[in-house]
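To keep things clear, I will list the structure first and then write my remarks on it.
These numbers come from the heavy atoms of this one structure, side chains and all, not from hydrogens, waters or symmetry mates.
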Amino acid sequence: MGELRKPFLLLALLAVALVVGVELGAAALTGGGDAGAALRDSAGGLGVELGDVGEVAEPSGRGTGYLALIDVVALWTTGLFALSLVLPDRVQGRVQGAATLVFSVVLLVVSLVLLVVAFVELTVMVSLFLAVPFGTLAYLAVWGFFPVGDAAVLLGLVLLLKLVWAGLLLAAQPRFLRNKGLVLLASTTLLCTVVLQFLHGLVPVILVSVVDDLGAVVFAVVAIIWALVLLVGSIPAIVKAVRTTATTSGRTVS
């Protein structure tokens with residue numbers, strides 16, 4: 001690792017851990033509040049008749065939480081860098097391949113399941129919204145008023161922490177810029193965060209739940225791609241570890 005600055009690397013690990021923590025807690029931090037009056041004002045401005053829709057609770061949304069599927073890869077990668085501080089290279093090489101294989105398989109399965117969940121929910125949303133008038137009223141009662149302000153605050157915090165994470169990694173080792181996979185991962189997670197913020201402000205508030213769920217679907221697909229990348233990348237490390245172990249065992253027997 002050369003001139004690796006350990007404190008900066010550990011702080012980077014803490015920053016990306018906070019990112020994942022905030023994203024996983026997004027469902028608890030947003031939504032749930034009464035939005036009946038706000039929904040009526042918004043719908044009135046758009047000329048939408050709410051009918052008998054009364055009590056409406058803000059949905060927490062899936063987009064911010066699904067970002068964790070991508071950022072857990074950043075956490076894992078940074079954790080492997082930090083692992084080099086305590087494990088010898090030989091041991092780390094053997095552990096890293098097997099651990100990454102298990103991690104990528106778990107991430108792949110979880111991402112596939114969550115992709116199906118988000119896609120089904122998105123289909124239900126669109127179907128209800130287009131089924132005028134009763135389907136539309138049902139949609140508005142469940143997903144009609146998204147907490148855009150709360151989500152914007154969380155996404156702003158997440159984006160700031162990601163920039164801090166990237167900056168700390170560069171402070172720890174400027175040569176991380178030569179790691180194309182790491183640069184691509186950082187670019188991916190930053191872009192996805194910005195895209196979700198853009199989607200939340202792109203449409204009227206009564207449709208934000210739809211684009212938020214669309215973002216969740218995209219993030220799940222991106223996570224699946226990264227899981228496959230990690231899975232394929234772990235195979236050479238495992239093969240090398242097995243060959244090294246076999247060679248060592250053969251020398252010991254001789």
Side-chain angles (χ1 to χ4, degrees), residues 8-35 37-39 41-42 45 56-79 111 114 118 121-122 125 143-172 176-177 182-223 225-226:
F8 290 111
L9 179 58
L10 295 177
L11 288 174
L13 180 61
L14 175 61
V16 73
L18 288 174
V19 167
V20 175
V22 170
E23 290 169 346
L24 291 177
L29 296 172
T30 61
D34 178 42
L39 177 59
D41 292 341
S42 177
V56 178
E58 297 174 328
S60 57
R62 295 185 180 275
T64 304
Y66 272 52
L67 281 173
L69 293 173
I70 303 171
D71 293 324
V72 74
V73 179
L75 176 60
W76 178 263
T77 303
T78 309
S111 299
L114 293 180
E121 185 177 66
L122 178 62
M125 283 183 184
W143 295 292
F145 194 86
F146 192 88
V148 177
D150 294 342
V153 172
L154 279 185
L155 288 173
L157 175 60
V158 164
L159 184 60
L160 175 61
L161 287 172
K162 289 180 181 182
L163 292 173
V164 170
W165 164 70
L168 287 170
L169 280 181
L170 289 179
F176 279 144
L177 274 176
L182 181 60
V183 172
L184 182 59
L185 175 60
S187 301
T188 300
T189 183
L190 288 171
L191 178 61
C192 287
T193 306
V194 173
V195 166
L196 186 59
Q197 289 179 313
F198 172 75
L199 289 176
H200 284 177
L202 182 64
V203 296
V205 68
I206 62 174
L207 292 175
V208 174
S209 290
V210 174
V211 295
D212 180 79
D213 226 55
L214 178 61
V217 170
V218 173
F219 301 155
V221 172
V222 173
I225 295 173
W226 274 107

Looking at every heavy atom in both [X] and [Y], which two are closest together, and how far apart are they?
X      : Y      : value
Ala74  : Val16  : CB-CG2, 3.8 Å
Ala26  : Thr64  : CB-CG2, 3.6 Å
Val73  : Trp226 : CG2-CB, 4.3 Å
Phe146 : Ala151 : CE2-CB, 3.9 Å
Ala220 : Leu69  : CA-CD1, 4.1 Å
Leu9   : Ala172 : N-CB, 3.6 Å

Please list all pairs meeting salt bridge (charged side-chain N to carboxylate O under 4.0 Å, His left out) that have one or both residues in residues 187-199, counting only residues at least two apart or in different chains.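 Found none.
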[atom2] on [Y] to [atom1] on [X], rounded to 0.5 Å:
X      : Y      : atom1 : atom2 : result
Arg62  : Leu114 : CZ    : CG    : 8.0 Å
Leu185 : Ile70  : CG    : CD1   : 8.5 Å
Asp213 : Glu121 : CG    : CD    : 4.0 Å
Leu29  : Glu23  : CG    : CD    : 11.5 Å

Only pairs under 3.5 Å count here: list side-chain donor-acceptor contacts from residues 158-169, not counting sequence neighbours, and write none if there are none.
residue: Lys162; atom: NZ; partner: Asp71; partner atom: OD1; Å: 3.4
residue: Lys162; atom: NZ; partner: Asp71; partner atom: OD2; Å: 3.0
residue: Lys162; atom: NZ; partner: Thr189; partner atom: O; Å: 3.3
residue: Lys162; atom: NZ; partner: Thr189; partner atom: OG1; Å: 2.7
residue: Lys162; atom: NZ; partner: Thr193; partner atom: OG1; Å: 2.5
residue: Trp165; atom: NE1; partner: Thr78; partner atom: OG1; Å: 3.0

Which residues pass the side-chain contact (heavy atoms from CB on, under 4.5 Å) test with Val218, sequence neighbours left out?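 Val218 satisfies side-chain contact (heavy atoms from CB on, under 4.5 Å) with Val222 once adjacent residues are dropped.
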Among all residues two or more places apart in sequence or in another chain, which pass the side-chain contact (heavy atoms from CB on, under 4.5 Å) test with Val183?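 Here the qualifying residues are Leu177, Ser187.
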Could I get the full list of ring pair (Phe, Tyr, Trp, His ring centres under 6.0 Å) partners for Tyr66, not counting sequence neighbours?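 Ring pair (Phe, Tyr, Trp, His ring centres under 6.0 Å) check on Tyr66 returns nothing, list empty.
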Check residues 194-209 and write down every donor-acceptor pair under 3.5 Å in which the side-chain atom is one partner and the other belongs to a residue at least two apart or another chain.
residue: His200; atom: NE2; partner: Asp212; partner atom: OD1; Å: 2.8
residue: Ser209; atom: OG; partner: Trp143; partner atom: O; Å: 3.1

Start with the C-alpha gap between Leu67 and Leu155, add the side-chain angles, then the distance that decides, and say whether side-chain contact (heavy atoms from CB on, under 4.5 Å) holds. CA-CA 10 Å; Leu67 281 173; Leu155 288 173; 3.9 Å; yes
